[in-house]
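Notes follow the structure.
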Amino acid sequence: MHFAFCTLHFQLNKMADKYKPQEFEKKWQDRWVVDGLHRTGDIPGRPKMYILDMFPYPSGDGLSVGHARNYCLTDVYARYYRMRGYNVLHPMGFDAFGLPAENEAIKRQTNPSVLNKQFTANYKRQMDMLGLSYDWDRRVNSCEPDYYRWTQWIFLRLFNSWYDPRADKARAISDLEAELAERGTADISEAAERAGLKYPVCTAAHWALASKKQRNEFLMYFRLAYRGDSAVNWDPVDKVVVANEEVENGRSWRSGALVEKKILKQWFFRITAYANRLHNDLDGLDWPARIVTMQRNWIGRSDGAEVQFKIENENLKMGDSESSVSNSHLVVFTTRPDTLWGATFMVLSPEHPLVEKVTTTGQNEVVKAYVAQAKTQSDEARTATDKEKTGVFTGGYAINPVNDERIPIWIADYVLMGYGTGAIMAVPAHDQRDFEFAKKFNLPIRTVVQGTGVNGGDANATEANNAREGVMVNSGPLNGLQASESVDAAIQFVEQKGVGKRRANYRLRDWLISRQRYWGTPMPIVHTDDGEVALGDGDLPVLLPDVTSYSTTLTGESPLAGIDEFVNVETPIKGRRETDTMAAWACSSWYFSRFADPKNENEPFDINKVNEWLPVDTYVGGAEHAVLHLLYSRMWTKVLFDLGHINFVEPFKTLRNQGMILAPGVKTDPETGRQYHEKMSKSKGNVITPDEVIDEHGADALRGFEMFISDFSQPVPWNLQGVPGVRRWLDRVWRITLDPTEDAPSKAKAEITARELRRVTHRTIDKVGRDIETFSFNTAVAALMEFTNALYKARDAGLVDTIEWYQAIDSLLRMIAPVAPHMAEELWLRIGNRYSIHQQSFPFADPDAMKADEITVVVQVNGKVRDRITVPADLSDDDIKQQALATDGAKRFIGDAPPRQVVYVKGRLVNVVV
RNA sequence: GGGGAUGUGUCGAAAUUGGCAGACGAGCAUGACUUAGGAUCAUGUGCCGUAAGGCGUGUGGGUUCAAGUCCCACCAUCCCCA
């Protein structure tokens, strides 16, 4: 360090000008770009750090100060780690495909790609204005062919693989074809059933005889990307199919329209094959607990047993069986196998394939009628808890395998085909819905858990007792056991009898990916006489053509269906091109990997580069993506891992969610009188843009306030007074750095020594570093403000021009550099240092310098503060206790009696108990 | 209904994880200065009280020398899933 040099500059700058951020922020932003300061570090021997923001969906509204919060804080974080000597990857891109952009384009009668260029340019302008240090050389844009080409490439990987339950991983579909030719599904079926995969069966002989088309149809049941019939959620307003994840309370996520059920051929990703791994691997992630919980709930793993009930029915002829589902058994999944002895009837979903088989001739008509009306109802309506239970008796009976009891088989719409096996054993004493059903149709109720609370076995009870605590009764071998231990006992019992197995069941459904829309990644699939055929890697990209109309066709097909040149394919395969496009979730499920190698023209990414940079060390974005993007990305990562394209199984090691910034004004609910803050939105006209704030106070003040406003994860209303407050602080930093003698020292002589200044400096370094690392940005700024206050005190104490003073200023600027990069750079040069401060290291806290010579110890009597003493830090515990007892404050409250106890907490307090 | 989170001054909040509640900032009040500024500087600012002191972290209880922090019950608000 060159202190003499610094002093010289202090002299030269005696009449320093005022802090005017507008005069130099742009200058430095341009200079940093020219000098490539934000290019991704790649210095051998340095550790890597991948810091990523969720890439935004560019809209015409641009960024608000709410969006800026996310970006500013990760930028501070990235700049900090650069100064700590890390190779930092901090990229940005745009999630461009999707419905809102398309709808906007329809409204404005223009092409969405034109809008995309405008919107992304505006986003980048705003981000630059904030001083964000992204490596723009690595920018990706999901709607550009050099990006979506690789989305299609990954789609092909999914299409060309299947999940092998024996290896518990994805494998090439060609492996499966080879195995089918040799042995059929003989080795696969049992493992598949155990894993809950509903694979069809086939022998080698059948496979040999099958046509190409039949083979393709068969393989569809295995592929990780597949086309299948599906009752889909149809949004009548946007005229598009929406995923389960996009439906909230029966309404479409975007349009808000009530979704309808429609049977269509749709493309899916077989995410259910990964349910168990997606559930288990959550354990190793440093994610907010609530996001982990939400994913767990969404995957909805429940442990229990699968139990077979024999069907007793004259209609059944032996030799009827032709599929893997045995026609003479009903398979149910239950999380409460301990209540098997309380099953008094069974309920099938109206869509269950065995309904026809079990129905007796006499009941045929009522059953048919019921099945027909159930079809018209949505899942939500069918399973609503307040809904009156409906159902009909099939006339058939099943045999309960644990006690050989003959129980009636009913059908009812509250049982869904999509969950479990589509059939349940009804235990009315211990399940509320079964209870209501039994009450309505006068079916027997038998208590098997003698509970402590409401007893569902009571004929007059109004609700079931689903408690898991109590003693087992009426349950054969389980009698007398505690309910808590009887689940395992029951599973062992059915396993020994060979009538059931331990199993996990999942609520997760396959991921519906196709959209009948224009603005998305085209699927690399051609429909031929032999079925759906995938293009080869060399045929990519399938380019999205220009169209004149973006509206969905009346048949619900994509506008692409109307373009003959696109639809009719001659080479390399003759057929009709798939006109559905991929939902934008596909684009965002792998973009974080593309950043490792964004310009690669031969593959989505080089394996060495992606393995070097990933997984993402710190991923930051809104909590609204808890079960959509974050779950899908995890699945794609696992598929690419299974197929050997990457060597990591989880994409995001650490995840942090920022709280939402709300509009500043308080609103009052006219009905409840409750006060609340609105979200910022253009339609409400309450958006505050970074542009207006920067215009007034500069980017550094905005960045500082984004950090300071609240704890990062807490939602908080914007405070109009906040930015000026931070600006005042920056002003003070400016003055104390350039002109420490300008202000008249205050009359009250401050008590601070050079040694103490040094201690405060190092304590601040320690605190600011730790706070940034733990995302406590608000307290990091508070510590810097305190440090600034201490510097004014030190100035008043006459410490300007001491070595400790220059060290303190030097540390201050380095610590401020990540927070207020423009000002830090400007001051750094003005006091005579060399460009650039952002290539300097963050200061290190010296533990010795942090140690205090004297400590203040609080003196309490019976837990109340009565006095305090200042003692040498190395004084013995006993001496400190003695001094504490001798204080006036203590003596006044102790009285004559000797203290009963004296507690000393090292370096903090003495508590005298009397 | 199930799951999760949060509750601290006038406001945003902090509290080294069981050890001085309210750091830091905003706002407000009083004063100083003046090149009258969106300044700057100083002092004060949880409640009651002149003071000594007492009370105080959603409510009620408990553990502890000591509780915002741990335990039990409840209330309110927000989010997610139904």
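Values reported hereafter were calculated over all heavy atoms of this structure, with side chains retained and with hydrogens, waters and symmetry mates removed. Just so we're on the same page: letters track the sequence lines, and every chain starts at 1.
Taking for each of A:Pro715 and A:Leu909 the nucleotide of RNA chain B with the nearest heavy atom, the 5'-most of the two is the partner of A:Pro715. Projected onto RNA chain B by closest heavy-atom contact, A:Arg908 and A:Trp729 fall at different nucleotides, the more 5' of which corresponds to A:Arg908.
Residue A:Val716 is classed as a sugar-phosphate contact, given heavy-atom separations below 4.0 Å to backbone atoms only. A:Lys864 comes within 4.0 angstrom of the backbone, heavy atoms only, and of no base. Among the protein residues, A:Arg763 comes within range of no part of the nucleic acid, since none of its heavy atoms lies under 4.0 Å from any strand. Looking at heavy-atom distances under 4.0 Å, A:Gly722 makes no contact with the nucleic acid at all. Residue-level contact check: A:Asp711 touches the backbone only, with heavy atoms under 4.0 Å from sugar-phosphate atoms and none from bases. Across all strands, A:His677 comes closer than 4.0 Å to no nucleic acid atom at all (heavy-atom distances).
If you measure from atom CG of A:Asp867 to atom P of B:rG53, you get 11 Å, rounded to the nearest angstrom. One atom, CG of A:Asp695, and another, P of B:rG38, lie 16 Å apart when rounded to the nearest Å. Between the C1' atom of B:rG38 and the CD atom of A:Gln22 lies a distance of 13 Å, rounded to the nearest Å. As a whole-Å value, the separation of A:Phe705 CZ from B:rG12 C1' is 7 Å. Atom P of nucleotide B:rU40 and atom CG of A:Asp731 are separated by 7 Å, given to the nearest angstrom. The distance between atom CH2 of A:Trp287 and atom P of B:rG4, rounded to the nearest whole Å, is 19 Å. B:rU35 atom C1' lies 10 Å from atom NZ of A:Lys18, rounded to whole Å. Put simply, CD1 on A:Ile855 is 14 Å from C1' on B:rC20, counting in whole angstrom units.
Put simply, the side chain of A:Arg290 and the base of B:rU6 share no donor and acceptor less than 3.5 Å apart. No hydrogens or angles were tested; on distance alone, a donor-acceptor pair under 3.5 Å links the side chain of A:Arg868 to the base of B:rC20.
Just one of A:Val781, A:Asp771, A:Val768, A:Asp711 meets the side-chain contact (heavy atoms from CB on, under 4.5 Å) condition when paired with A:Ser776; it is A:Asp771.
Across all strands shown, B:rC55 forms a Watson-Crick or G-U wobble pair, both distances under 3.5 Å, with B:rG46. For B:rU40, the paired base is B:rA32 (Watson-Crick or G-U wobble, both distances below 3.5 Å). In this entry B:rG25 has B:rC11 as its Watson-Crick or G-U wobble partner, both defining distances falling under 3.5 Å. Across every strand in view, B:rC78 sits in a pair with B:rG4 that passes the Watson-Crick or G-U test at under 3.5 angstrom.
At least one side-chain nitrogen or oxygen of A:Arg728 sits closer than 4.0 Å to the OP1 or OP2 atom of B:rA26. In this structure, A:Arg735 reaches the B:rC41 phosphate: one of its side-chain N or O atoms is under 4.0 Å from OP1 or OP2. Neither OP1 nor OP2 of B:rU64 sits under 4.0 Å from any side-chain N or O of A:Asn911. Under 4.0 angstrom from either OP1 or OP2 of B:rU16 there lies no side-chain N or O belonging to A:Arg770. Contact check, A:Arg507 against B:rA82: a side-chain N or O comes under 4.0 Å of OP1 or OP2. In this structure, A:Asn862 does not reach the B:rA66 phosphate: none of its side-chain N or O atoms is under 4.0 Å from OP1 or OP2. Contact annotation: A:Ser710 side-chain N/O to B:rA13 OP1/OP2 distance is under 4.0 Å.
B:rG22 and B:rA67 have their P atoms separated by 16 Å, given to the nearest Å. When the P atom is compared between B:rC71 and B:rU64, the two are found 16 Å apart, to the nearest whole Å. Look at the P atom in both B:rG58 and B:rA76: the space between them is 16 Å, to the nearest Å. To the nearest whole angstrom, the two C1' atoms, one in B:rG46 and one in B:rA14, are 15 Å apart. Comparing B:rA13 with B:rG68, their C1' atoms sit 14 Å apart, to the nearest whole Å. Here, B:rG27 and B:rG12 have their C1' atoms 11 Å apart, quoted to the whole Å. Nucleotides B:rA42 and B:rA52 place their C1' atoms 29 Å apart, quoted to the nearest Å.
Atom CE of A:Met660 has 12 or fewer heavy atoms from other residues, nucleotides or ligands within 6.0 Å. A 6.0 Å sphere centred on NZ of A:Lys679 holds no more than 12 heavy atoms belonging to other residues, nucleotides or ligands.
If you check the side chains of A:His822 and A:Asp700, you find a donor sitting under 3.5 Å from an acceptor.
A:Arg758 and A:Asp848 are not joined by a salt bridge, as no carboxylate oxygen comes within less than 4.0 angstrom of a charged side-chain nitrogen.
Relative to the six-membered ring of A:Phe712, A:Arg656 misses at least one condition, a distance below 6.0 Å or an angle of at most 45° to the axis. A cation-pi geometry, defined here as NZ or CZ lying under 6.0 Å from the six-membered ring centre and within 45° of its normal, does not hold between A:Arg433 and A:Tyr414.
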Report the C-alpha separation of A:Leu827 and A:Val733 in whole Å, then their side-chain angles, then the decisive distance to 0.1 Å, and conclude whether the side-chain contact (heavy atoms from CB on, under 4.5 Å) test is met.
CA-CA 9 Å; A:Leu827 290 176; A:Val733 171; 4.2 Å; yes

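By the rule that a glycosidic angle within 90° of 0 means syn, B:rG46 does not qualify and counts as anti. With its glycosidic angle within 90° of 0, B:rU17 is assigned syn.
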